[in-house]
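Labels below follow one simple rule: chain letters A, B, ... track the order of the sequence lines, proteins then strands, and each chain is numbered from 1. On a predicted model such as this, the values are computed, not experimentally measured, just so you know.
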Amino acid sequence: MPKPNLTLTLTNTLTRAKEAFTPHSANNVTLYVCGITPYDHAHIGHARAYVVFDILFRTLQRLYGDNAVKYARNFTDIDDKIITRAQEVGEQPTQLAQTFIASFHKDMAALNCLPPTAEPKVSDPKVLKGIVAHIDALIEKQFAYVTASGDVMYRTQKFPSFGALAHRKLDEQQHGARVKADDEKESPNDFVLWKANAKSATKLEQAFSPKDLGAKLFSAPGRPGWHIECSVMAKQELGTTIDIHGGGEDLQFPHHCCEIAQSEALLKPGQPLARFWLHNGFITVGGTKMSKSLGNFTTIKDALKSYSAEAIRLWLLQTHYRKPVDYTPAALAAAEASLAKLYATWNAAFKKDPKPAVTAWKGTCSRLNPFRRALADDLNTAAALAELHSASNFLAEALRNGDEQKQRYWRQRMGYMAHHLGLLQNPQAHTAKPQTPLSAAEQALLTAREAARASKNWPESDRLRDELKAQGILIEDGPTGTTWRRA
RNA sequence: GGCCGGAUGGUGAAGUGGUUCAACACAGCGGUUUGCAAAACCGUCAUUUCGCGGGUUCGAAUCCCGCUCCGGCCUCCA
């Protein structure tokens, strides 16, 4: 792979500064992004996180080569929330998790998010064994202790920089602000690595015997705590120090701080779990964070009932990934309109020349430089979109002028940009919304209107046009005849 | 209480010291076109203005200080 002639800069949460990114090894670039706990359908907030990191994944692929980038995104498929939900609906937890993993995969595919190179699950025996071994090692090194009820806790006092990622001094925190303190902890900051059944309301489900998994220093049946899995899966999939670790802003503390403590306790002094930490901002509703617990969420599937997947993607990419995005129908409708315009040009170009669009680009192109620079500048997708619009406008102009050379030129560049952003990728029909053929009744209306127009019966013609519009079919009378499209 | 982030036209939003820096998009408005529309095109759309008040500077939306408002986290969370 050629050495990238662009420097990728990323805002590193560790330093709160934009830093030049260089991978530890240019032919093995590693990215770990915290995935979901599959106990319900994913919502728009999840969509944002994974669209953002999809753009990062694609950008890294362009810079270092498709095969050089390893992107792991996990599923926390062993968890109290899964067990609780499973009991509510009378299902096996594992079955329930499977259902929502499949649902999540569908959502990601709809949103044009590329599949990660690895999607580890906690329930994988390899992961469970790794977790148990990691916990054993932490106990051995005094970084963890077993409580009277059998839990294993991380001893945060052994890790003085705990909380540094979130820039917190722990003695200044309000303990128990949200979750009540646990008497068995040596320090209120300590967190659970292994959750023994003794304190679980759901004793028998998703419970594992540490001994069976090879544990030597703890024994109470139970399940892994939330944070430990990511440490282990990142290590198993990507190695001990990864290039970039990402996730939502809300994971900074405690989740990512706990991961750092768990992982770095077993690494050489000064060796980090991750060199770069990236966090995306929230989706808000009326200014308040969209979340499961507040109940103010819209699932991706529900949003897809009203808006095309690419409009959702476009809407998300209009804002820089660290800023909040407010979910409003008006904003989605505006994105849909903007996308429809892009597709109108795109579609017209395909009618002229049905060859597939360019997706890859070898070498340099001065017209693509602003686009590439925008994405390399801390993933400035808003600026990158402006370049896409610009290419679209030039292509539309070339189509009007009949300049075939420029049509090819701009179509290639537009195609490349759209592909990088994961937009304009609907196969066959080059429109955002599916254009199902007219029904017999609809066709009859259209034919009747044609007849009325031929006899210059304008009132009848307009009445039929309104009737079609009411059914979601928009009529356009052009010089070469009448066309229709579904709104 | 501690820590973190945000505030840019009617709307979303880019821009973090200086030659179109207020990009781009959506909406609106005027026009061309059309039987009328739609679509498209042309034009217009923050002109001492970037939450407020100071300061630094030859020069600030951009840096510094103070303030207001909004949001997030402080062991469920993307």
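Among the atoms of the strands shown, base atoms are found under 4.0 Å from some heavy atom of A:Gly45. The residue A:Ala333 sits apart from the nucleic acid: no heavy atom pair falls under 4.0 Å. Backbone-only engagement by A:Ser338 is indicated by non-hydrogen atom pairs under 4.0 Å involving sugar-phosphate atoms exclusively. Within the nucleic acid shown, A:Ile283 comes within 4.0 Å of at least one base atom, counting heavy atoms only. Among the protein residues, A:Phe282 comes within range of the nucleic acid bases, having at least one heavy atom under 4.0 Å from a base atom. Contact annotation for A:Ala386: base contact, defined as any heavy-atom pair under 4.0 Å involving a base atom. Note on A:Asp79: nothing from the nucleic acid sits closer than 4.0 angstrom, heavy atoms only.
Across all strands shown, B:U62 has no partner, as no Watson-Crick or G-U wobble contact with both distances under 3.5 Å is found. In this entry B:A25 has B:U11 as its Watson-Crick or G-U wobble partner, both defining distances falling under 3.5 Å. Base pairing analysis places B:U75 opposite nothing; no Watson-Crick or G-U wobble pair with both distances below 3.5 Å involves it. Using Watson-Crick or G-U wobble geometry with both donor-acceptor distances under 3.5 Å, B:U20 finds no partner in any strand shown. Nucleotide B:U47 has no partner under the Watson-Crick or G-U criteria, as no pair reaches both atom distances under 3.5 Å. Across all strands shown, B:A40 forms a Watson-Crick or G-U wobble pair with B:U32, both key distances being under 3.5 Å. When Watson-Crick and G-U wobble pairs are counted only if both distances are under 3.5 Å, B:G5 pairs with B:C70.
Taking the side chain of A:Lys185 as heavy atoms from C-beta on, and the options B:U75, B:C73, B:A27, the nearest nucleotide is B:U75. Proximity note for A:Asn189 (side chain, C-beta onward) versus B:U75, B:C26, B:A78: the nearest is B:U75. For A:Pro254, counting side-chain heavy atoms from C-beta on, the closest listed nucleotide (B:G5, B:U75, B:C3) is B:U75.
Residues A:Ala166 and A:His389 each lie close to RNA chain B; by heavy-atom proximity, the contact nearer the 5' end of the strand is made by A:Ala166.
The nearest whole Å value for the distance from the NZ atom in A:Lys292 to the P atom in B:C77 is 12 Å. B:A25 atom C1' lies 14 Å from atom CG of A:Leu332, rounded to whole Å. B:C41 atom P lies 14 Å from atom CZ of A:Phe394, rounded to whole Å. For the pair A:Met290 CE and B:G72 P, the computed distance is 13 Å after rounding to whole Å. One atom, CZ of A:Arg322, and another, P of B:A7, lie 11 Å apart when rounded to the nearest Å. Rounded to an integer number of Å, the gap from A:Tyr321 OH to B:G6 C1' is 16 Å. One atom, CG of A:Asn280, and another, P of B:C73, lie 14 Å apart when rounded to the nearest Å. Nucleotide B:U75 holds its C1' atom 10 Å from the CE atom of A:Met153, rounded to whole Å.
B:U68 and B:C29: their C1' atoms are spaced 36 Å apart (whole Å). Nucleotides B:C65 and B:U56 are separated by 10 Å at their C1' atoms, to the nearest Å. With P as the reference atom, B:U20 and B:A13 are 27 Å apart, rounded to whole Å. Remark: the separation of the P atoms in B:C73 and B:A78 is 12 Å, to the nearest Å. Between B:G55 and B:A61, the distance separating the two P atoms is 15 Å to the nearest Å. Taking atom C1' in both B:A7 and B:A46, one finds a spacing of 16 Å when rounded to whole Å. A distance of about 10 Å separates the C1' atoms of B:C50 and B:G9, rounded to the whole Å. Remark: the separation of the P atoms in B:G28 and B:A22 is 26 Å, to the nearest Å.
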Whether each nucleotide of nucleotides 29-39 of chain B has a protein heavy atom under 4.0 Å at its base (B), only at its sugar-phosphate (S) or at neither (-) is summarised, 5' to 3', as ------BBBBS
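Of the charged side-chain nitrogens involved, at least one lies within less than 4.0 Å of a carboxylate oxygen, so that A:Arg85 and A:Glu88 count as a salt-bridged pair. Classification of A:Asp477 and A:Arg453 as a salt-bridged pair holds, one side-chain N sitting under 4.0 Å from a carboxylate O. A salt bridge between A:Arg373 and A:Asp377 is absent, with no side-chain N of the basic residue lying under 4.0 Å from a carboxylate O of the acidic one. Between A:Asp107 and A:Lys301, at least one side-chain N (NZ, or NE/NH1/NH2) sits under 4.0 Å from a carboxylate O, which counts as a salt bridge. Look at A:Arg400 and A:Glu397 and you find no salt bridge, because none of the NZ, NE, NH1 or NH2 atoms lies under 4.0 Å from a carboxylate O. Comment: A:Glu237 does not engage A:Lys70 in a salt bridge, judged by the lack of any side-chain N to carboxylate O separation of less than 4.0 angstrom.
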Contacts under 3.5 angstrom, residues 278-288 of chain A side chains, donor-acceptor by atom type, not counting sequence neighbours:
from, atom 1, to, atom 2, distance (Å)
A:His279, ND1, A:Thr13, OG1, 2.7
A:His279, NE2, A:His256, ND1, 2.8
A:Asn280, OD1, A:Gly248, N, 3.4
A:Thr284, OG1, A:Val325, O, 3.3
A:Thr284, OG1, A:Asp326, OD1, 2.6

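The glycosidic torsion of B:G30 lies more than 90° away from 0, which places this base in the anti conformation.
Contact of the A:Asn380 side chain with the A:Leu375 side chain is not registered, since no non-hydrogen atoms from C-beta on lie closer than 4.5 Å.
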Discussion item. Between A:Asp462 and A:Arg465, is the salt bridge (Lys or Arg N to Asp or Glu O under 4.0 Å) condition met? List the steps.
Written reply: CA-CA 5 Å; A:Asp462 292 349; A:Arg465 182 170 64 200; 3.4 Å; yes
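A donor N or O paired with an acceptor N or O is not found under 3.5 Å between the base of B:C4 and the side-chain atoms of A:Arg168.
Taking the ring axis of A:Phe350 as reference, the NZ or CZ atom of A:Arg411 stays within 45° of it and closer than 6.0 Å to the ring centre. A cation-pi geometry, defined here as NZ or CZ lying under 6.0 Å from the six-membered ring centre and within 45° of its normal, does not hold between A:Lys185 and A:Tyr154.
Put simply, A:Lys289 has a side-chain N or O that comes within less than 4.0 Å of OP1 or OP2 on B:C73.
Checked against the 6.0 Å centroid criterion, the rings of A:Phe53 and A:Tyr321 do not qualify as a close aromatic pair.
Between A:Asn12 and A:Trp277 the shortest heavy-atom distance is OD1-N, 3.0 Å.
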Please list, for nucleotides 12-22 of chain B, all pairs of protein and nucleotide N/O atoms separated by less than 3.5 Å.
from, atom 1, to, atom 2, distance (Å)
B:A14, OP1, A:His320, N, 3.0
B:A14, OP2, A:Lys323, NZ, 3.0
B:A14, O3', A:Asn380, ND2, 3.0
B:G15, OP1, A:Asn380, ND2, 2.8

